[in-house]
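Worksheet: one structure, shown below.
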Amino acid sequence: MATPHQPTGHGPVPGNPYSTPGGYTPAPVPAPAPGSYAQAPAPATAPGGHVGPLPMGHVPPACRACGGRAAANHKVRAHVGVLVLMRFEHLDGPFCRACGIAVVRQMTTRALCLGWWGPLSLVLFNPFTLVWNLFVYLKYSKLPPSTPAPGRTHLDTGPQVLRRPLAYVALIPLAWALWVISQIIVHSA
């Protein structure tokens, strides 16, 4: 015969926070050993300069590509303009320095290649996208280098934007725009 504090298999044990309705009582999880992987991170500097533990539920950002701990959350943009149709693309971080620069290079090359093929894209949207990505590039460049998480690697940064052949596709609509402007000037004189 079971006493009120012994499990019977028919309900939770009174006074035991780990017991379940089925009567099974799992063992409490032991604390991690000092220096182990599961140890709490060192105190971080919060916005405003406060040094101490992070607020409850706040986890410092890790790179979504490689898992590096020195990461920042910035939006990288690309723009595709085709005559009257347009598509706005973006990729949100957080990314570490190497992965952020790789994403900026890839999305900027895409915008340089495909972003000029519509009138509003040529004049307004693609230049905005390129300036935006320049500022994001500068922000990622200021991050310290980080080590990827075990078993993961940084994204391939590849060559710089102006060393990629697709970046020079932008010269075609730029030459066309200059020709149109020169024709307007010649015929108005």
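These values consider heavy atoms only, across backbone and side chains, with no hydrogens, waters or symmetry-generated copies. Computed from a prediction, not measured in an experiment: that's the story for all the values here.
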Item to check | Stepwise side-chain contact (heavy atoms from CB on, under 4.5 Å) test for Trp132 and Val76 | outcome: CA-CA 8 Å; Trp132 177 278; Val76 183; 6.0 Å; no
ILVMFWY cluster, [X] and [Y] together (side-chain gap under 4.5 Å):
X: Leu122; Y: Val180; value: yes
X: Leu171; Y: Leu162; value: yes
X: Tyr140; Y: Leu155; value: yes
X: Tyr137; Y: Leu143; value: yes
X: Leu124; Y: Leu85; value: no

What distance separates [X] [atom1] from [Y] [atom2], expressed to the nearest 0.5 Å?
X: Lys75; Y: Arg77; atom1: NZ; atom2: CZ; value: 5.0 Å
X: Trp116; Y: Asn126; atom1: CH2; atom2: CG; value: 4.5 Å
X: Leu130; Y: Leu112; atom1: CG; atom2: CG; value: 5.0 Å
X: Asn133; Y: Thr108; atom1: CG; atom2: OG1; value: 3.5 Å
X: Lys139; Y: Leu134; atom1: NZ; atom2: CG; value: 11.0 Å
X: Arg69; Y: Ser146; atom1: CZ; atom2: OG; value: 10.0 Å

[X] versus [Y], closest heavy-atom pair with distance:
X: Ala65; Y: Arg152; answer: O-NH2, 3.1 Å
X: Asn73; Y: Pro94; answer: OD1-N, 3.7 Å
X: Gly158; Y: Arg105; answer: O-NH1, 3.0 Å
X: Thr129; Y: Ala111; answer: CG2-CB, 4.2 Å
X: Pro144; Y: Arg97; answer: O-CB, 4.0 Å
X: Ala71; Y: Ala62; answer: CB-C, 3.8 Å

Checklist entry - Do the non-hydrogen side-chain atoms of Val104 and Phe95 ever get within less than 4.5 Å of each other? => result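 No. Closest side-chain heavy atoms not under 4.5 Å.
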Checklist entry - Checking side-chain contact (heavy atoms from CB on, under 4.5 Å) for the pair Phe135/His74: CA distance, chi angles, key distance, verdict? => result CA-CA 10 Å; Phe135 284 116; His74 300 296; over 6 Å; no
Item to check | Worked check of side-chain contact (heavy atoms from CB on, under 4.5 Å) between Phe88 and His79 | outcome: CA-CA 5 Å; Phe88 300 90; His79 176 74; 3.3 Å; yes
Next on the checklist: Does Met107 form a side-chain contact (heavy atoms from CB on, under 4.5 Å) with Leu91? I'd like the steps, not just the answer.
Outcome noted: CA-CA 9 Å; Met107 299 286 273; Leu91 192 56; 4.3 Å; yes
